[in-house]
K.L.:
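There's a structure below that I have some questions on.
A note on names: the letters A, B, ... follow the listed sequences, proteins ahead of strands, and every chain is numbered from 1.
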Amino acid sequence: MTHSDPSPPAIELRDVTKRFRTPAGSVHTALRRLNLTVAPGEFCAVVGPTGCGKSTTLSLISGLEPASRGEVLVDGGPVRGISEGIAFVFQNDAVFPWKSVLANVAAGPLFRGVPRREAVEQARDWLRRVGLAGFEDRHPHQLSGGMRKRVALAQSLINRPRILLMDEPFAALDVQTRQIMSDELLRLWELTRPAVVFITHDLEEAIALADKVVVLTAGPGTVKATFEVGLPRPRRAQEIRFDAAFVEMYQRIWESLRDEVELAYARTAAAPPSTAEPEKETL
Amino acid sequence: MSTARPDTRAVSPTPHAGTDIAEPAEAGTRPRRRRLVVNAVRFVPLVVFLGGWEVLARAGVLDPFFFGQPTRIAAQVGDWVTGGTEIGSLWTQVGVTLQEALVGFAIGVVLGIVCGIALGRVRMLADIFGPYIKVLNSIPRIVLGSIFIVWLGLGVQSKVALAMVLVFFAVFFNAFQGTREVDRNLVANARILGASKRQVTFHVVLPSALTWIIASLHVSFGFALIGAIVGEFLGAQQGLGLLISQAQGSFNPNGVFAAMVVIAVIALAAEGLITLLEKQLLSWRPPQLSGADL
Ligand SMILES: Nc1ncnc2c1ncn2[C@@H]1O[C@H](COP(=O)(O)OP(=O)(O)OP(=O)(O)O)[C@@H](O)[C@H]1O
Ligand SMILES: [Mg+2]
């Protein structure tokens, strides 16, 4: 957001292309010439039709996968392997089922060599912050879906990341819990102010949370449009939806997203995949 | 060699500490009554079987000379316990066999886990050693037993080696498969959280593969006993296998069956211990996962 800031962007993708080799032996292009910049402390939401390469984008930023072409920069430096200072809340549950809640949250610091006593102390702190004090000894299967997401959040944030990647973190939750979690996420985000890339299918959620919303095209994904969300902070995700500016924003972004969603749907509903891959013009 | 599915033997259906323990009266009496019924009914087939056998033997339908007779089998066990066997005290024989089985089991399990995880984690190793493992696994174990006796003599070592080989393959294939089935998401999560390769192995791969490994332990202690006894059968100076082969040599079916009873008791006790271990190590699993307990 702060354009006067001389420091490099937290995340920068330059002309990134990602291809996968499919089991059949052919090559599948998941991302094509994607450009994306996220400033330090900026909250960026990414929306796009299913299968357009959103999760792939995050795996490139985190260093779990290398780009096929183009540059991925984190804090100005190229990404090689897993980058330091990054946290990732996965699309699927990824807390360790054999560790207690406390051990799950303390895992990050312990992996990084923080003494056990201190790691446990920090973990208790974070559990309190996400409202899970008293559940330290439970195992993940003894928690609700929403509670597990909070464990995942605490587990990620305890490492005090400079960059937080979230892949549809609340998709599996019911609407009420999702709104509560949105508010909670904003509150926690204010604590450490990492740069965030937040993937979602829920446009309302995207606008309520983010400083900017990026719309990706139907696969192969590339940026179709970027929208700055000028809504003032601190926000309350539950109330901001009724704001006139919010509604207007929603309509603009939906206009842009709708074509892509329909295109993606037509492709999967219609005959063979990857035959017709019309080049999308980027805005 | 079996690669048992991990969920074929799951943790007990007893409720977890900290889970739903509301309505203790309801939850308490029902399983208790159920357990009583199970225990009572459990003995019916045994009684029918042994009773029928005894009656048929006495009536002369089954010739006791070939088929033995439950009461005489019991008497034989009693004789061994009080008076010892032809080759020395019964406890010595049990001790020798148990020692061979346990040492073979321990070495086989450790090697199986280490090799299984190593080959499961490092693709290169799997590609290089895969064919060898398959070839070795296809050798009939009884042949190996003979070879070990030639190499290692009639003492304890040849039996330990045979037990070890039997256990190794069972555990190896389960550890290998378990390692390959590790949730990639969990590995990715651990790496992002800052885990080194080693830490991923110990904090993610091993606990996750443990479900598979422990499932294999149930089978493999049986294999260890088989290894020890077959080894003794092929040639030994002491042990339950030798006891069986001597009883066989002197046309004493009661002796063979009596040795089987002793072995069964050992196997049951070991099974109980392994189930306890399983409950300890896999306490994190949801109880719904557990089906029938064997
Ligand atoms: N490892 C892989 N090998 C082959 N193809 C892959 C691989 N990972 C992803 N893809 C393909 O790349 C495309 C983008 O996948 P990705 O998971 O990034 O989609 P997404 O935008 O996150 O979808 P969703 O919203 O449904 O989660 C998909 O068509 C997918 O089939
Ligand atoms: Mg995805």
Side-chain angles (χ1 to χ4, degrees), chain A residues 55 58-59 61-65 79 81-101 103-114 119 123 134-143 148 151-152 154-161 163-167, chain B residues 6-7 10-22 113 117 123 175 178-179 181-215 277-290:
Chain A
S55 298
L58 291 195
S59 62
I61 299 170
S62 64
L64 285 169
E65 291 269 359
V79 170
I82 308 278
S83 351
E84 268 282 307
I86 286 195
F88 199 147
V89 179
F90 288 84
Q91 188 165 5
N92 309 319
D93 247 356
V95 294
F96 307 113
W98 42 82
K99 285 183 189 286
S100 68
V101 166
N104 257 296
V105 178
L110 286 176
F111 287 152
R112 288 160 193 237
V114 174
F135 291 91
E136 286 87 351
D137 297 328
R138 299 262 192 122
H139 280 285
H141 77 85
Q142 297 164 319
L143 302 178
R148 274 203 293 277
V151 175
Q155 188 182 49
S156 294
L157 291 174
I158 194 173
N159 282 331
R160 302 221 158 238
I163 293 172
L164 175 59
L165 308 176
M166 304 183 83
D167 196 350
Chain B
D7 30 4
V11 289
S12 96
T14 47
H16 263 254
T19 34
D20 184 12
I21 40 168
I113 293 178
I117 290 184
R123 219 208 148 93
T179 304
E181 304 253 319
V182 170
D183 188 343
R184 294 164 128 260
N185 253 318
L186 294 183
V187 174
N189 192 22
R191 288 176 61 201
I192 301 253
L193 289 174
S196 62
K197 280 232 160 85
R198 218 183 102 90
Q199 285 168 325
V200 169
T201 301
F202 282 97
H203 288 262
V204 183
V205 176
L206 190 61
S208 158
L210 215 51
T211 332
W212 287 73
I213 293 170
I214 291 202
L277 178 79
E278 180 175 39
K279 272 181 204 162
Q280 274 293 311
L281 288 177
L282 299 184
S283 60
W284 55 267
R285 293 207 307 186
Q288 304 89 271
L289 255 184
S290 61

K.L.:
By a 4.5 Å heavy-atom criterion (distance strictly below it), what part of F88(A) contacts chain B: side chain, backbone, both, or neither?
P.N.:
both

K.L.:
Any chance the side chains of S55(A) and Q91(A) put a donor and an acceptor closer than 3.5 Å?
P.N.:
yes

K.L.:
Tell me, for L165(A) versus chain B, whether the close heavy atoms (under 4.5 Å) come from the side chain, the backbone, both or neither.
P.N.:
neither

K.L.:
What are the two closest non-hydrogen atoms of T201(B) and P207(B), and how far apart are they?
P.N.:
O-CD, 4.3 Å

K.L.:
Determine the option with the most heavy-atom pairs under 4.5 angstrom with chain A, choosing from L186(B), N185(B), V204(B), L193(B).
P.N.:
L193(B)

K.L.:
Looking at every heavy atom in both L143(A) and R138(A), which two are closest together, and how far apart are they?
P.N.:
CD2-CB, 4.0 Å

K.L.:
Could you look at S196(B) and say if it's the side chain, the backbone, both or neither that has a heavy atom under 4.5 Å from chain A?
P.N.:
neither

K.L.:
Locate the shortest heavy-atom distance separating G178(B) from A209(B); write the atom from each residue and the value.
P.N.:
C-CB, 3.8 Å

K.L.:
Classify the side-chain pair K99(A)/H203(B) by whether it contains a donor and acceptor separated by less than 3.5 Å.
P.N.:
yes

K.L.:
Considering only heavy atoms, which portion of V95(A) lies under 4.5 Å from any heavy atom of chain B: side chain, backbone, both, or neither?
P.N.:
backbone

K.L.:
Given that the side chain runs from C-beta out, which part of E84(A) has a heavy atom under 4.5 Å from chain B: side chain, backbone, both or neither?
P.N.:
neither

